[in-house]
Amino acid sequence: MRIATWNINSVRLRIGLVEQFIDEHKPDVICLQETKTVNETFPAAALAAKGYKHQHILGMKSYNGVAILSRLPLAKTGVKNWHNREDCRHIFAELPDGTEVHCCYVPAGRHIPDPKANPKFAHKLGFLDEQTAWWKSRKDKSKATILVGDLNVAPLEHDVWSHKQMLGVVSHTPIEVEKLLNWQKAHNWVDAVRHFVPHDQKLYSWWSYRANDWEASDRGRRLDHIWVTPNLTASLKKTKTLKHARGWDPKPSDHVPVIVDIG
DNA sequence: ATGGTAGCGTAGCTA
């Protein structure tokens, strides 16, 4: 089973790139974030034609939006809301073998890393806290579960181009890293990507649009994650982060797809 | 320290 996560930054604008990604990598399940469209205008037919007949989508106008697209049937689909908002950031579904898949888009939190001065950062921290509490209180801890998405935090030193220079930059501040790692601990999540890629090796899934030359400067961050419950660890086969997709023509997303093969 | 780009939707918010 191949699962992929990709912050697509408008699924309507980039449906062609999604189709290219499908042709080249043939994932069984694709989780998208920042689809940026209401369900009525989501390109459901184009994706069904590619074999993804089972779709659980949740979108709103202009912002956010998540989707689980699957070649395999999806059951027990649902939505989670955090921080008292219905802002289309978290959906889940169950695969035929009973594995639960969560597709999540954590708020970015804007620039100022101070929850008092910046309500968007407060929202991000609250979102992380509520996720942590919810997963901690879950009773079915042994249920095979995969959580993927743009978590908007690069937790490890080598998940950013410069740990030192990024300590004060939202996405890598100590408070966010602590909260993301607490969320990980709360459900014993295994970082399926770092399971394969050594912690001292740089790995990014996002490069800013604002760089003159994203590839030359290579100031990336690993914001997109695939986590699995410990009972799936033995089934992890391999992972791939498609760095070259950041250069796809004509209009790449600022995030690239992250893939894990399981079972 | 600042400003740099992108998408939606057509101003300004969000990233």
Side-chain angles (χ1 to χ4, degrees), chain A residues 5-21 31-44 46 57-67 81-90 103-115 117-128 148-155 159-162 164-173 176 179-180 204-225 243 245-258:
Chain A
T5 181
W6 194 7
N7 178 321
I8 193 63
N9 187 20
S10 175
V11 69
R12 286 182 291 170
L13 186 68
R14 276 182 257 283
I15 183 64
L17 291 187
V18 177
E19 288 168 335
Q20 180 183 338
F21 170 61
C31 295
L32 300 175
Q33 303 85 38
E34 281 207 89
T35 54
K36 292 189 170 178
T37 180
V38 293
N39 292 357
E40 289 71 25
T41 47
F42 187 93
I57 61 178
L58 180 70
M60 58 191 277
K61 192 179 171 182
S62 300
Y63 303 112
N64 311 329
V66 283
N81 287 311
W82 308 102
H83 216 72
N84 266 323
R85 294 168 199 227
E86 296 182 9
D87 54 359
C88 305
R89 292 180 181 274
H90 187 163
C103 175
C104 188
Y105 176 48
V106 174
R110 299 208 75 178
H111 293 299
I112 304 164
D114 174 359
N118 173 10
K120 302 283 179 194
F121 193 68
H123 177 206
K124 182 178 197 174
L125 298 183
F127 188 102
L128 294 170
V148 311
D150 176 4
L151 305 186
N152 262 317
V153 180
D159 290 341
V160 293
W161 64 279
S162 166
K164 213 172 164 182
Q165 287 178 257
M166 287 289 297
L167 278 170
V169 177
V170 170
S171 72
H172 194 63
T173 64
E176 292 166 85
K179 287 185 187 298
L180 192 82
Y204 316 134
S205 64
W206 174 90
W207 292 259
S208 173
Y209 281 126
R210 296 176 188 177
N212 288 324
D213 184 335
W214 71 272
E215 200 167 16
S217 57
D218 201 23
R219 295 185 169 190
R221 307 177 197 173
R222 190 172 71 103
L223 304 178
D224 302 276
H225 299 270
K243 181 174 183 177
R246 181 61 180 80
W248 275 350
D249 274 335
K251 282 171 166 281
S253 170
D254 46 355
H255 296 252
V256 300
V258 179

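Residue numbering restarts at 1 for every chain, and letters A, B, ... go by the order of the sequence lines.
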For atom P, what is the distance between dG7(B) and dT2(B), given to the nearest Å?
-> 27 Å

Taking atom C1' in both dG3(B) and dA15(B), compute the distance separating them and give it to the nearest angstrom.
-> 15 Å

Would you mind telling me which residue lines up with the more 5' stretch of DNA chain B, Lys61(A) or His111(A), judged by nearest nucleotide?
-> His111(A)

Assign the ring pair Trp207(A) / Trp214(A) to parallel, tilted or perpendicular, where the plane angle (0 to 90°) is split at 30° and 60°.
-> perpendicular

Taking only Lys NZ, Arg NE, NH1 and NH2, and the carboxylate oxygens of Asp or Glu, determine whether Glu176(A) and Lys124(A) approach each other closer than 4.0 Å.
-> yes

Output, in order, the C-alpha distance, side-chain angles, deciding distance and verdict of ring pair (Phe, Tyr, Trp, His ring centres under 6.0 Å) for Phe21(A) and Trp6(A).
-> CA-CA 10 Å; Phe21(A) 170 61; Trp6(A) 194 7; 5.5 Å; yes

Pairing pattern in dot-bracket form [Watson-Crick, G-U; both distances under 3.5 Å; | = partner strand] for DNA chain B = ....((((...))))

Judged by atom type as modelled, is there a donor-acceptor pair below 3.5 Å linking the side chain of Arg14(A) to the main-chain atoms of Lys251(A)?
-> yes

Is there a donor-acceptor contact under 3.5 Å linking the side chains of Asn9(A) and Tyr209(A)?
-> yes

Just say parallel, tilted or perpendicular for the rings of His83(A) and His123(A), cut-offs at 30° and 60°.
-> tilted

Between Gly109(A) and Thr35(A), the residue closer to the 5' end of DNA chain B by nearest nucleotide is Thr35(A)

Short question: side chain of His225(A), backbone of Val153(A) - any donor-acceptor pair under 3.5 Å?
-> yes

Which of these passes side-chain contact (heavy atoms from CB on, under 4.5 Å) with Ser205(A): Asp254(A), Asp150(A), Val258(A)?
-> Val258(A)

Contacts of Arg222(A) meeting salt bridge (Lys or Arg N to Asp or Glu O under 4.0 Å) (sequence neighbours excluded), chain-then-number -> Asp159(A), Asp191(A)

Go through the side-chain N and O atoms of Thr5(A) and Gln33(A) and say whether any donor and acceptor fall under 3.5 Å apart.
-> yes

So the contacted stretch of DNA chain B, first to last nucleotide with an atom under 4.0 Å from a non-hydrogen atom of chain A, runs from dG4(B) to dA15(B)

dA6(B) and dA1(B), which share atom name P, separated by this distance in whole Å | 26 Å

Show the atom names and distances, to 0.1 Å, of all donor-acceptor pairs under 3.5 Å that link a side chain in residues 104-114 of chain A to residues at least two apart or in another chain.
{"residue": "Tyr105(A)", "atom": "OH", "partner": "Glu34(A)", "partner atom": "OE2", "Å": "3.3"}
{"residue": "Asp114(A)", "atom": "OD1", "partner": "Lys116(A)", "partner atom": "N", "Å": "2.9"}

dT10(B) versus dT5(B) - spacing of their P atoms, nearest Å | 23 Å

With a non-hydrogen cut-off below 4.0 angstrom, is Arg89(A) in contact with a base, only sugar-phosphate, or nothing?
-> sugar-phosphate

Scanning both residues in full, the closest heavy-atom pair of Val66(A) with His90(A) reads CG2-N, 3.9 Å

Which parts of residues 204-215 of chain A get close to DNA chain B, meaning a heavy atom less than 4.0 angstrom away?
-> Tyr209(A), Arg210(A)

Mind running a 4.0 Å heavy-atom check of residues 247-255 of chain A against DNA chain B and sending the residues that fall below it, in number order?
-> Lys251(A)

Minimum heavy-atom separation for Val160(A) to Ala154(A), with atom names?
-> CG1-CB, 3.6 Å

